[in-house]
Amino acid sequence: MPDRSPDLATPLVAWYREHARDLPWRRAEFHERYGGWGVLVSEFMLQQTPTTRVIGHLDAWLARWPTPADLAAEPPAAAVRQWANLGYPRRALWLHRAAVQLRDRHGGIVPADVDALLALTGIGDYTARAVAVFSYGQRHPVVDTNTRRVLARSLDGRAQPGPPSRRDLARMCAVLPADDADAAVMNAATMELGAVVCTARAPRCDSCPIAQLCRWRARGYPDTGDLRRKQARYEGSDRHARGAALRSLRDAAGHTVAIDEVIADWPDPAQRDRAIDSLIVDGLAETVDGMLRLPQ
DNA sequence: GACCCGTGGGA
DNA sequence: TTCCCAAGGGT
């Protein structure tokens, strides 16, 4: 029988109330102004993109499109351009699709129901629950990479978590406080700890509120090995070519480029062709008699 | 579950 | 310079 899980919530919640960063989407006026839409947009941008970079883009996005209907009224190309260099431009496309779905199926209102949120394009287990919890105050496990690392270290005594799994949701749920509001803070606090203190490299255990009950620390910080898949090299990759091709479409003065002119100087012509084809397949580009452009 | 998808800052 | 990694999701 494993030990009973220690109480992570009490110290984490107390720590968060004292040390939480002042981020835009945590401010009361942000929620008053943009509601669930603001939270949804911020969570979309935060998918695999560092917090500091998102901060520089969120205000402009919401000022331009303060409601889902505002975004849905414009072509996908506008979303992809506004997305700029946030990375993974499919997210801009999916956010636009979600806005259309919100307008057509939900009266332009971001639903509070997790299953309804999960049905929207680009919203998975994390984002659906983040919206339900941080915008609507519900009690659900919000599990991101930071949460998984904190649980792996504090409860399992491992340096790194295994690959993401739905089991993580049940584990997080088991350590959430019973009260809805406390559970929401616990979710945010666990992510915050992973982002600021219990970091992937060089964790700052000296300032950790749960160091006393951390099993990884108690075991002497064993290197249990990183079970995650290693990220492929970007330079010279297909993704690199795709990124360059999309950028040329984004920045095109007339918003349209002859296909032959798209990253024409790319060193690997076959890779260039794959990049353009994959953009078309993904819906990030479309052809109009020999010309290429963002989706209208 | 494996693999795919960008971009830039920090160590 | 090179490598790591970042509030994930779709296929």
Side-chain angles (χ1 to χ4, degrees), chain A residues 16 20-21 23-26 38-58 80 83-95 97-98 117-135 140-150 159-169 172 184 187-196 198-204 226-250 274-275 277-285:
Chain A
Y16 183 83
R21 291 169 295 174
L23 300 173
W25 44 91
R26 290 176 177 168
V39 174
L40 191 154
V41 171
S42 69
E43 296 296 348
F44 251 92
M45 290 185 173
L46 287 163
Q47 292 170 2
Q48 296 283 283
T49 297
T51 296
T52 53
R53 196 150 28 125
V54 168
I55 290 173
H57 289 266
L58 184 60
V80 174
W83 197 258
N85 64 341
L86 277 171
Y88 290 138
R90 291 191 298 185
R91 289 183 294 158
L93 201 58
W94 292 341
L95 179 51
R97 288 179 188 166
L117 288 161
L118 284 170
L120 299 170
T121 301
I123 294 192
D125 287 332
Y126 167 79
T127 305
R129 289 170 179 78
V131 171
V133 169
F134 299 135
S135 185
H140 299 285
V142 183
V143 176
D144 73 340
T145 185
N146 292 308
T147 299
R148 283 195 298 273
R149 186 171 54 252
V150 169
Q160 302 290 346
S165 156
R166 293 200 64 113
R167 293 175 178 279
D168 302 329
L169 295 179
M172 186 58 183
N187 276 308
T190 309
M191 287 191 288
E192 182 79 352
L193 188 79
V196 175
C198 193
T199 51
R201 290 176 296 187
R204 305 167 62 189
D226 194 337
L227 302 175
R228 294 165 306 167
R229 189 163 170 270
K230 207 175 137 188
Q231 204 169 44
R233 178 182 182 85
Y234 182 68
E235 187 75 20
S237 67
D238 280 15
R239 298 163 83 174
H240 188 184
R242 249 178 77 112
L246 184 69
R247 174 180 301 228
S248 74
L249 295 183
R250 233 173 35 215
R274 283 201 302 277
D277 288 345
S278 73
L279 287 174
I280 294 170
V281 167
D282 283 357
L284 279 166

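Reckoned from all heavy atoms, side chains included, excluding hydrogens, waters and symmetry mates. Numbers restart at 1 for each chain; the letters A, B, ... are given by sequence-line order, proteins then strands.
Using a 4.0 Å heavy-atom criterion, one finds that A/G124 contacts the sugar-phosphate atoms exclusively. Among the protein residues, A/L93 comes within range of no part of the nucleic acid, since none of its heavy atoms lies under 4.0 Å from any strand. In this structure, A/A200 reaches the sugar-phosphate backbone alone: every heavy-atom distance under 4.0 Å involves primed, P, OP1 or OP2 atoms, never a base. Across all strands, A/W25 comes closer than 4.0 Å to base atoms (heavy-atom distances). Contacts of A/L86 with the nucleic acid, taken as non-hydrogen atoms under 4.0 Å apart, include base atoms. Here A/D282 lies out of heavy-atom contact (under 4.0 Å) with every strand. Within 4.0 Å of A/R26, counting heavy atoms only, lies at least one base atom of the nucleic acid. As judged by a 4.0 angstrom heavy-atom cut-off over every strand, A/R167 is placed among residues making no nucleic acid contact. Using a 4.0 Å heavy-atom distance criterion, A/R247 is classed as a sugar-phosphate-only contact. The residue A/F44 sits apart from the nucleic acid: no heavy atom pair falls under 4.0 Å. A/T145 comes within 4.0 angstrom of sugar-phosphate atoms only, judged by non-hydrogen atoms across all strands, and of no base.
A sub-4.0 Å separation between OP1 or OP2 of B/dG8 and a side-chain N or O of A/N85 is present.
The two residues A/P203 and A/C198 come nearest to each other via the heavy atoms CB-CA, 4.3 Å. Residue A/L93 comes nearest to A/G283 through the heavy atom pair CD2-O, 3.5 Å, listed as atom of the first residue, atom of the second, then distance. Annotation for A/A200 and A/Q160: closest pair O-NE2, 3.6 Å, computed over non-hydrogen atoms.
Separating the CG atom of A/L284 from the C1' atom of B/dG6 is a distance of 11 Å, rounded to the nearest angstrom. Rounding to whole angstrom units, CG of residue A/L46 and C1' of B/dT7 are separated by 15 Å. Between A/Y234 atom OH and B/dC4 atom P the separation is 15 Å, expressed in whole Å. Between A/D238 atom CG and B/dC3 atom C1' the separation is 13 Å, expressed in whole Å. Counting to the nearest Å, the P atom of B/dG8 and the CD1 atom of A/I55 are 17 Å from each other.
Partners of A/S248 by side chain to side chain donor-acceptor pair (under 3.5 Å), not counting sequence neighbours: none found. Remark: A/D282 engages A/R242 in a side chain to side chain donor-acceptor pair (under 3.5 Å) (not counting sequence neighbours). Considering only residues two or more places apart in sequence or on other chains, A/R148 meets the side chain to side chain contact (heavy atoms under 4.5 Å, CB included) condition with A/V143, A/T145, A/P161, A/P164, A/D168. Residues that satisfy the side chain to side chain donor-acceptor pair (under 3.5 Å) test with A/R201, not counting sequence neighbours, are absent from this structure.
A donor-acceptor contact closer than 3.5 angstrom is absent between the side chains of A/Y126 and A/Q47.
Evaluated for a side-chain contact (heavy atoms from CB on, under 4.5 Å) with A/L95, the options A/L40, A/T121, A/V80 yield exactly one hit, A/L40.
In 5' to 3' order, the nucleotides of DNA chain C bounding all contacts with chain A (an atom under 4.0 Å from a heavy atom) are C/dC3 to C/dG10.
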Give every pair of a protein N or O atom and an N or O atom of nucleotides 9-11 of chain B that lie under 3.5 Å apart, one pair per line with the distance.
none

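Each of A/S165 and A/L279 lies near DNA chain B, and the nucleotide nearest A/S165 is the one positioned closer to the 5' end. Comparing A/T121 and A/R21 along DNA chain C, the residue whose closest nucleotide (by nearest heavy atom) sits nearer the 5' end is A/R21. When the nearest nucleotides of DNA chain C are assigned to A/A128 and A/P50 by heavy-atom distance, the more 5′-ward of the two goes with A/P50.
Between C/dG9 and B/dG8, the distance separating the two P atoms is 23 Å to the nearest Å. Of the P atoms belonging to C/dA7 and B/dA11, the separation is 15 Å, rounded to the nearest Å.
Contact check for A/Y88 versus A/R239: side-chain heavy atoms found under the 4.5 Å cut-off.
For A/R53 against B/dG8, a side-chain-to-base donor-acceptor contact under 3.5 Å is absent.
Between atom CG of residue A/D144 and atom CZ of residue A/R129 there is a gap of 13.0 Å, rounded to the nearest 0.5 Å.
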